[in-house]
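One structure is given below, encoded as structure tokens.
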Amino acid sequence: MQLLFIHSDYIEYEAKQKTRVAEPIDESKKHERIEEVLVVFVAVEREDETNARYAVEKALEETSSVFNKVGAERIVLYPYAHLSSTLASPEMSMEMLKAMERDLLSSGVDVKRAPFGWYKSFTLQCKGHPLSELSRKIEVHEGSGAGAEEKAAEKLSKALEAEEKAESQFFFMDDGTGGNLIRAADFEFESGIEERANLQKFFLYESEKRRAVDRIPPHVELMKRLEIADYEPSSDPGNLRFYPKGKLIKSLLENHVRNSVAEYGAVEVETPIMYSTEHPSLKDYLERFPARQYSMAGKKGKPDLFLRFSACFGQFLMSKDMSISYKNLPLKMFELASSFRREKRGELVGLRRLRKFTMPDMHTLCKDMGEALEEFKKQYELCIHVLDGIGFSMRDYEVAIRFTREFYDDTANKEFIEELVRIAGKPVLIERWDQRFFYFVLKFEFNFVDALGKASALSTVQIDVENAERYGIKYVDANGEEKSPIILHCSPSGAIERCMYALLERAYLEKERGVLPMLPLWLSPTQLRIIPVAERHLEYIEGILPVLNGIRADVDDREETVSKKIRDAGRDWIPYVAVVGDKEVEKNTLSVTIREESSKGKKKPEEMDVYALKNMIEQVIKSKPFRELALSYKLSERAKFVGG
RNA sequence: GCCGCUGUGGCUUAGAGGUAGAGCAGCUGAUUCGUAAUCAGCAGGUCGUGGGUUCAAGCCCCACCGGCGGCUCCA
């Protein structure tokens, strides 16, 4: 279908003479003059006939969009055959034009349709502003494409509609207020407690959805400058490249999460990253999960494939084929899942929102709601523990707990929520849905609020009451009967990339507060940098390096001045910087500057021997995952991954 | 996806219709240096891509592609 929009001061037309296909009209309709109007010239084309509903819908979308944008007062639909050389049949065209007219009328738009199939005279006066003349082509593809697109659109809309209709209220709950829901309007943000400012930012982000900031997110600049990650122009947006330092940090975080869930008792699995769209359970699930997929057309005769947007399918399909006794429950399965979501273009930012990301995803099969709640609480604590290990305390994130009204009406559940708030030890945001729109009845998230006041979820746990049945997951209870378990979805840290984003953003916030920014010691690509004053000190350094085994220590052996090397170490956020010159060699010591204890313009190098230094660093990182340096220990041998 | 802004060597950027200029990084040489940039020289640019206007386009117009912000959504 071809559309030509002209925003006009007026249009005046007169039906002069019938053609063979003319529609019958009243004498009064033959001549019209309409002011302040968006004239929509329409040519319905042959291909539109293969999927008329889709074409009409699209055309209406475009029309409303233009109509609202230019701020016209009314619309005239004007059949205009000359926009296309492959016209649809007159009957069909007229039908579709009428359908458009009906729809616009029913949505309250003042619309007129010029008579079809007449030779008409017309004059109009185009307003001439930048948007006053626009054209659009609605494309309907032949055969399966069109059908599939329509079906996909329908599917998507089912889930999205549910969300749009989802009505919810926000509250706050604090430890020590008797577990009462405090209406958002009554909550005191200005209590002199600094932490509440963040909660307020989070709440505003959630409820108002209006945030006008105009700045490049600090972490995007940092991820490049620190050679952590970067955009990859040759991939799809949101698929990043990770440089050695970034890959190191990522691996360490992954291992940390992996170790923590193993300790909690989960078993690690791996499942495929792509699935057939034809699988009945998946088909169904796709409708309940309003994310957009990467999909690939199957070779002829074969079903289409999509890339997973979470590890749910794989693990559910695995669970369905298992034989599970009540004695095996709660059963916890974990996967570090590369996941793909075709998020809207405008949504993607740096490491915060990606199309390809790494999501730790654990599913727990529980025999009933009682056990589910018990595990839910454990996982709530597990998440706190995992984030704490990364370096985020309760101060660094805001808690949101969300549930259905029905869930909360149960007194026992109410007490359960109060207990969660008590564990948080600070006010939390509560969202209550009037009905269950999703597959879960209760969830929480820990949300990080960044330098620009944007919130994003890290850890989350959800109680899923729907998918066991959908996938046919069963366990056998003590009476030998098959039952459907309740499933917990848990991402203990949230996406790994997002943790990196939060670490960088927090470092930036620290810097704003006058603190030297840095990463936690166990995640710093270089933990200790050794700087020789002159070349002759290198030998001494080589001698002490074996002692520093188990610590990521490198040596700035470049031909630069000491000042330059110190500065570069600072720019790289290196936690420990040791200078070695004649004095140190003679006394067999190091002159160490500790970043954490320094500030801008204030440094205090400390004399210590290499064993003391090693001990000091090991104290901090002892229980954390470790990997060797990602790059050569000699700086002179390293290539630059990013300029500047 | 839609709307707005934006895109000049690896990085940061000057250049408002008339031969693309600099700093950092890189390379070469000198300097072997004590806590936030040693000095000199050399090399490096299809000005995001493709069209168009013009005698002439990095600059004006159009489209597309990236990026940033907003809408919407989520780990």
Side-chain angles (χ1 to χ4, degrees), chain A residues 61-62 65-66 68-69 131 156 159-160 163-164 206 209-217 220-221 224-225 227 230-238 289-292 309-311 337 339 341-355 357-361 445-448 452 454-460 462 489-499 501-502 516 531-538 557-572 577-584 591-593 598 600-605 639-644:
Chain A
E61 242 172 62
E62 295 291 352
S65 147
V66 173
N68 291 328
K69 236 176 284 165
L131 293 176
L156 191 66
L160 288 173
E163 280 203 27
E164 266 164 33
E206 280 287 316
K209 314 275 188 193
R210 280 176 54 94
R211 42 266 169 182
V213 268
D214 194 15
R215 251 166 72 201
I216 301 162
V220 173
E221 230 169 301
K224 296 181 186 196
R225 215 206 70 218
E227 297 194 323
D230 212 336
Y231 296 118
E232 172 51 72
S234 299
S235 182
D236 193 45
F289 202 108
R292 299 174 180 203
F309 41 85
S310 74
S339 301
R341 293 184 189 174
R342 276 205 30 176
E343 302 293 358
K344 289 184 227 159
R345 186 62 198 77
E347 274 305 311
L348 305 168
V349 229
L351 289 164
R352 174 171 178 249
R353 192 70 175 281
L354 300 165
R355 282 185 173 168
F357 57 100
T358 312
M359 184 161 66
D361 207 346
E445 315 115 36
F446 295 151
N447 293 275
F448 178 80
L452 271 42
K454 302 193 179 213
S456 25
L458 296 171
S459 317
T460 180
Q462 305 159 358
H489 300 238
C490 168
S491 188
S493 61
I496 301 294
E497 293 83 354
R498 190 170 277 183
C499 291
Y501 140 83
L516 288 177
I531 298 177
V533 172
E535 220 175 307
R536 64 177 177 279
H537 306 118
L538 274 170
D557 61 336
R558 297 172 305 162
E559 291 187 32
E560 298 289 351
T561 58
V562 175
S563 297
K564 178 73 178 295
K565 293 178 187 178
I566 298 279
R567 177 173 194 268
D568 287 348
R571 279 175 59 82
D572 276 350
V577 179
V579 175
V580 173
D582 291 336
K583 267 191 290 180
E584 288 76 15
S591 173
V592 183
T593 304
S598 312
K600 238 183 155 158
K602 189 196 114 215
K603 295 200 181 61
K604 44 160 198 177
K640 289 219 155 46
F641 283 84
V642 176

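Residue numbering restarts at 1 for every chain, and letters A, B, ... go by the order of the sequence lines. These figures come from a predicted structure and were not determined experimentally.
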Say you pick atom C1' in B:rU13 and the same atom in B:rA25; how far apart are they, in whole Å?
-> 14 Å
Any N/O pairs under 3.5 Å between the protein and nucleotides 42-50 of chain B? List them or say none.
none

P gap between B:rU38 and B:rC24, integer Å = 10 Å
Rounded to the nearest 0.5 Å, the CD1 atom of A:I496 sits from the CE atom of A:M359 at a distance of 11.0 Å
Going from CD on A:E347 to CZ on A:R341, what distance comes out if it is rounded to the nearest 0.5 angstrom?
-> 12.5 Å
What integer number of Å spans the P atoms of B:rG15 and B:rG9?
-> 15 Å
When all nucleic acid strands are considered with a 4.0 Å heavy-atom cut-off, which category describes A:R536: base, sugar-phosphate, or nothing?
-> sugar-phosphate
Between the CZ atom in A:R498 and the OG atom in A:S493, the distance rounded to the nearest 0.5 Å is 11.0 Å
Rounded to the nearest 0.5 Å, what's the gap from CG on A:L348 to CG on A:D236? Could you check?
-> 8.0 Å
Measure the distance from CG on A:D572 to P on B:rA25 and round it to the nearest whole Å.
-> 14 Å
Under 3.5 Å on both distances, the Watson-Crick or G-U partner of B:rG66 | B:rU6
A:K344 side chain, from C-beta outward: closest of B:rC74, B:rG1, B:rA25 | B:rG1
Which pairs, protein N/O on one side and nucleotides 62-64 of chain B N/O on the other, fall under 3.5 Å?
none

Starting at CG of A:N447, measure out to OG1 of A:T460 and round the result to the nearest 0.5 Å.
-> 8.5 Å
Between A:E227 and A:V642, is there a donor-acceptor pair closer than 3.5 Å when you use the side chain of the first and the backbone of the second?
-> yes
Please check if the side chain of A:Y501 supplies one atom and the backbone of A:V349 the other of a donor-acceptor pair under 3.5 Å.
-> no
Scan A:L458 against the nucleic acid and name what it touches under 4.0 Å (heavy atoms): base, sugar-phosphate only, or nothing.
-> sugar-phosphate
Is there a donor-acceptor contact under 3.5 Å from the side chain of A:R352 to the main chain of A:V220?
-> no
Return the value, rounded to whole Å, for the distance between atom CZ of A:R353 and atom C1' of B:rG70.
-> 14 Å
Given that both distances must come in under 3.5 Å, which nucleotide forms a Watson-Crick or G-U wobble pair with B:rA56?
-> none
Between B:rU12 and B:rC61 - C1' atom distance, rounded Å = 30 Å
What integer number of Å spans the P atoms of B:rU46 and B:rC11?
-> 14 Å
Is a side-chain N or O of A:D361 found less than 3.5 angstrom from the main chain of A:S491, in a donor-acceptor match?
-> no
Considering only atom C1', compute the distance from B:rC62 to B:rA22 and round it to an integer number of Å.
-> 33 Å
Take atom CD of A:E61 and atom P of B:rC3, then tell me their distance rounded to the nearest Å.
-> 13 Å
Can any side-chain N or O of A:H537 pair as donor or acceptor with the backbone N or O of A:D582 at less than 3.5 Å?
-> yes
Could you give the CZ-to-C1' distance, from A:R342 to B:rA75, as a whole number of Å?
-> 19 Å
Using Watson-Crick geometry (N1-N3 plus N6-O4 or O6-N4) or G-U wobble (N1-O2, O6-N3), each under 3.5 Å, B:rC73 is paired with none
Ignoring hydrogens and geometry, is there a side-chain-to-backbone donor-acceptor pair from A:K565 to A:R558 under 3.5 Å?
-> yes
Select one nucleotide: of B:rG66, B:rC68, B:rG69, the one nearest the side-chain heavy atoms of A:K454.
-> B:rG69
In Watson-Crick or G-U wobble terms, with both distances under 3.5 Å, the base opposite B:rC42 is B:rG26
Donor-acceptor pair, side chain of A:S339 and main chain of A:T358, under 3.5 angstrom | no
Calculate the interatomic distance between A:E221 atom CD and B:rC68 atom C1'; express it in whole Å.
-> 12 Å
Out of B:rG66, B:rU72, B:rC74, which has the shortest distance to the side chain of A:R341?
-> B:rC74
Decide yes or no for A:P605 and A:V592: does some side-chain heavy atom of the first lie under 4.5 Å from some side-chain heavy atom of the second?
-> no
Write down the distance separating the C1' atoms in B:rG17 and B:rU54, rounded off to the nearest Å.
-> 9 Å
Taking only the side-chain heavy atoms of A:L354 (C-beta and beyond), determine which of B:rU72, B:rA25, B:rA75 contains the nearest atom.
-> B:rA75
How does protein reach along nucleotides 34-41 of chain B, written 5' to 3' as B (base within reach of a heavy atom under 4.0 Å), S (only sugar-phosphate), or - (no contact)?
-> BBBBS---
From B:rA75, B:rC73, B:rC68, nucleotide with atom closest to A:R498 side chain = B:rA75
What's the NZ-C1' distance between A:K640 and B:rU12, to the nearest Å?
-> 15 Å
Output for pair (A:E560 CD, A:R567 CZ), nearest 0.5 Å, gives 11.5 Å
Please work out if A:L348 contacts a base, only the sugar-phosphate, or nothing of the nucleic acid, heavy-atom cut-off 4.0 Å.
-> sugar-phosphate
So which one's nearest nucleotide on RNA chain B is more toward 5', A:G346 or A:F357?
-> A:G346
Name the residue closer to the 5' end of RNA chain B, choosing between A:S456 and A:V349 according to the nucleotide with the nearest heavy atom.
-> A:V349
On a whole-Å scale, what distance lies between the P atoms belonging to B:rC33 and B:rA20?
-> 46 Å
May I have the distance from A:R558 (atom CZ) to B:rU32 (atom P), rounded to whole angstrom?
-> 19 Å
Over all heavy atoms of both residues, which pair between A:K344 and A:R355 is shortest? Give the atoms and the distance, please.
-> C-NH2, 4.0 Å
Provide, to the nearest angstrom, the distance between the CZ atom belonging to A:R225 and the C1' atom belonging to B:rU12.
-> 13 Å
Check: B:rC71 base within 3.5 Å donor-acceptor of A:E347 side chain = yes
What nucleic acid atoms does A:P532 come within less than 4.0 Å of, heavy atoms only: base, sugar-phosphate, or nothing?
-> nothing
Nucleotide forming a Watson-Crick or wobble pair with B:rU13, both distances under 3.5 Å | B:rG21
